[in-house]
2 protein chains.
Amino acid sequence: MAKNNAKQDLKPISNPKISNSVEDYLKAIWMTAQDGAASTNALAEQLNIAAPSVSAMLSKLQNLEFVVYERYKGASLTESGKAKALELLRRHRLIETFLFESFDYSWDEVHDEAEQLEHAVSSQFIERLATFLDHPTHDPHGDPIPCPNGNLPDTPNTALAEAESGQSFVVARLLSQAADVLSYFAKLGIQPGKELKIIEFEPLGGLVHLLIDDVPRALSKELAMIVRGDIVKTPTV
Amino acid sequence: MAKNNAKQDLKPISNPKISNSVEDYLKAIWMTAQDGAASTNALAEQLNIAAPSVSAMLSKLQNLEFVVYERYKGASLTESGKAKALELLRRHRLIETFLFESFDYSWDEVHDEAEQLEHAVSSQFIERLATFLDHPTHDPHGDPIPCPNGNLPDTPNTALAEAESGQSFVVARLLSQAADVLSYFAKLGIQPGKELKIIEFEPLGGLVHLLIDDVPRALSKELAMIVRGDIVKTPTV
DNA sequence: CTTATAATTTAGGCATGGCTAAAAATAATG
DNA sequence: CATTATTTTTAGCCATGCCTAAATTATAAG
């Protein structure tokens, strides 16, 4: 009877399934620091975990060779840590896409569910899911879905706030995780693929007037920073 | 910042998400004992966990009021424990159905994946999944899927081994979890819905000769006990 | 009905991953 | 540059769930 009795080596030989916690930390480090180093407090904040716990975990991640960590100086991902983080991100975004497209989830619902599922699902599941969804490159709010090899598909990144009066703008991405923000955009009809016409910017730039589906609307500067996409040179008629 | 600091009361007030372990135990108790009491060793065997650990967990489940447990006498599910177990079973079987039908999983693959997913998925997910699958009553090998209220759909349960020469038999269920057994049946074309014609039983009853898709085949008594369904009174032509 | 065997529980550990309080290092300010 | 403020770490705990070895209780056999 094969009992789970393996003593943890310092350097893990094979692929002993990474714990949910470790996965969460790697994702958090990537989101906080991408390439640079993530501070203990920033991670504690992100993960809603007390700073001393984060400290301890960073040492552990260092032993696992997922991060390079120097006391008092934060942690940055190694190649292997980064690969794991991107794998998680791939899972998360594919699952979000699936829930949104096939199961009619709303923005409020999609994130938490994906957060759980991404830890439970096998690589096989993810690849079959990708096939099921016809290998999307971006999730429903336009975030790029990392490829199996870790490449991040290109994504237009000009802020709507940077466009100018008279220009047209094609939305590619809504740079927010907040459900209320995403719902608000959805209500306005602002979603990836949509073309907006900019009427004018309010003096001092706090507001932008635009045409969505030929309906005049106004958007605050803050929200206009979240909307990312491309300025259209030759506006479609 | 809301840290998870709630001291565990003896009687849990609300719905503090049950741990994966607790869920596994409840399912195991149901599978081992259904209505009666499950012994410590039987559970240890099922769960591949050492007996003393099971002992400890049974006390805990008693405190949680999921089981009635008397030292040295095994544990049986309370109403609340049974409800949980059936909920888990519903999850498991719906997920298996999904993986099999939509994601082309084979028998070897389906079980382990479902085992993980059933813990990670929300009730909402399950109900949307049920809708997605058009509310199946049985999973791909014919096991009944409990309804949200805990009812188990009726399932024909006559063993193929109990039929008689000359009769026809409609398969409803393959009473096994073993991947190799299920694959073997699949290879033979024996699956829920299939009609078999019994040619004859070997003397001493160790073997049954039958017609599957008009092809003559033989099946051992052991396997013929696993195939469950209905004897057809008026054989179709 | 006593004894050997099998099942079960108690005792004592261990790893993981959280927490708080207090100390130490780093950064910011007068 | 000394001092205060902030960040981070160390120290020491706790809960969950698993383990092994050693009792204990139940059961089967003589």
Side-chain angles (χ1 to χ4, degrees), chain A residues 1-12 16-29 32-33 36-64 66-76 115 119, chain B residues 1-12 16-29 32-33 36-64 66-76 115 119:
Chain A
M1 198 187 296
K3 293 282 159 55
N4 178 8
N5 196 22
K7 295 277 178 286
Q8 191 79 2
D9 293 332
L10 283 180
K11 285 195 185 184
K17 157 66 174 145
I18 289 177
S19 74
N20 288 11
S21 286
V22 168
E23 291 188 343
D24 283 338
Y25 276 90
L26 293 179
K27 233 180 43 173
I29 295 169
T32 310
S39 76
T40 301
N41 265 11
L43 292 173
E45 175 93 1
Q46 266 264 328
L47 291 162
N48 205 240
I49 282 175
S53 308
V54 173
S55 241
M57 182 58 103
L58 291 183
S59 299
K60 181 180 170 179
L61 293 179
Q62 161 113 286
N63 284 343
L64 293 170
F66 287 136
V67 306
V68 174
Y69 167 52
E70 206 181 335
R71 289 167 69 246
Y72 294 98
K73 302 222 164 147
S76 52
E115 205 70 34
H119 299 300
Chain B
M1 199 186 295
K3 293 279 158 58
N4 179 10
N5 196 21
K7 295 275 179 283
Q8 191 81 0
D9 292 333
L10 284 180
K11 286 195 187 184
K17 158 65 173 142
I18 289 177
S19 75
N20 288 11
S21 285
V22 168
E23 291 189 343
D24 283 338
Y25 276 89
L26 294 179
K27 232 180 44 171
I29 295 170
T32 310
S39 76
T40 302
N41 265 12
L43 293 172
E45 175 92 359
Q46 266 264 327
L47 293 162
N48 205 239
I49 281 174
S53 309
V54 173
S55 240
M57 181 58 103
L58 291 183
S59 299
K60 184 180 168 179
L61 294 179
Q62 162 114 286
N63 284 343
L64 292 171
F66 286 136
V67 306
V68 174
Y69 168 53
E70 205 181 334
R71 287 167 71 245
Y72 294 98
K73 303 224 163 147
S76 52
E115 205 71 33
H119 299 301

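Here is how names work: the chains are called A, B, and so on, in the same order as the sequence lines, proteins then strands, and each is numbered from 1. Because the structure is a prediction, the values reported are computed rather than measured.
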For the pair made of [atom1] in [X] and [atom2] in [N], what is the distance, rounded to whole Å?
X       : N      : atom1 : atom2 : value
A:Leu58 : D:dT7  : CG    : P     : 16 Å
B:Leu64 : D:dT16 : CG    : C1'   : 12 Å
B:Lys60 : D:dC18 : NZ    : C1'   : 12 Å
B:Glu45 : C:dT8  : CD    : P     : 12 Å
A:Met57 : D:dT9  : CE    : P     : 14 Å
A:Asn41 : D:dA5  : CG    : C1'   : 13 Å
B:Asn48 : D:dC18 : CG    : C1'   : 12 Å
B:Leu43 : C:dT9  : CG    : P     : 10 Å

Assign A:Thr40 to base, sugar-phosphate, or nothing according to its heavy-atom contacts below 4.0 angstrom with the strands shown. sugar-phosphate
If you compare every side-chain N and O of B:Ser53 against the phosphate oxygens of D:dG17 (OP1, OP2), does one of them come in below 4.0 Å? no
Are OP1 or OP2 of C:dT9 and a side-chain N or O of B:Ser55 less than 4.0 angstrom apart? yes
Measure from the side chain of A:Tyr69, starting at C-beta and using heavy atoms only, and say which of D:dC18, D:dT9, C:dT9 lies closest. D:dT9
Which nucleotide wins on minimum distance to the side chain of A:Pro52, given the candidates D:dC19, D:dT10, C:dG18? D:dT10
Would you name the heavy atoms of A:Asn41 and A:Ala51 that are closest together and state the gap between them? OD1-CB, 3.7 Å
I'd like a table of atom pairs between the protein and nucleotides 24-29 of chain D - only N or O on both sides, under 3.5 Å - with the distance next to each one.
{"from": "D:dT25", "atom 1": "O4'", "to": "B:Tyr72", "atom 2": "OH", "distance (Å)": "3.4"}

Tell me every residue that passes side chain to side chain contact (heavy atoms under 4.5 Å, CB included) with A:Ala33, counting only those two or more places apart in sequence or in another chain. A:Ala38
Could you check which residues of residues 17-26 of chain A get a heavy atom under 4.0 Å from DNA chain C? Sort them by number, please. A:Ser19, A:Ser21, A:Tyr25
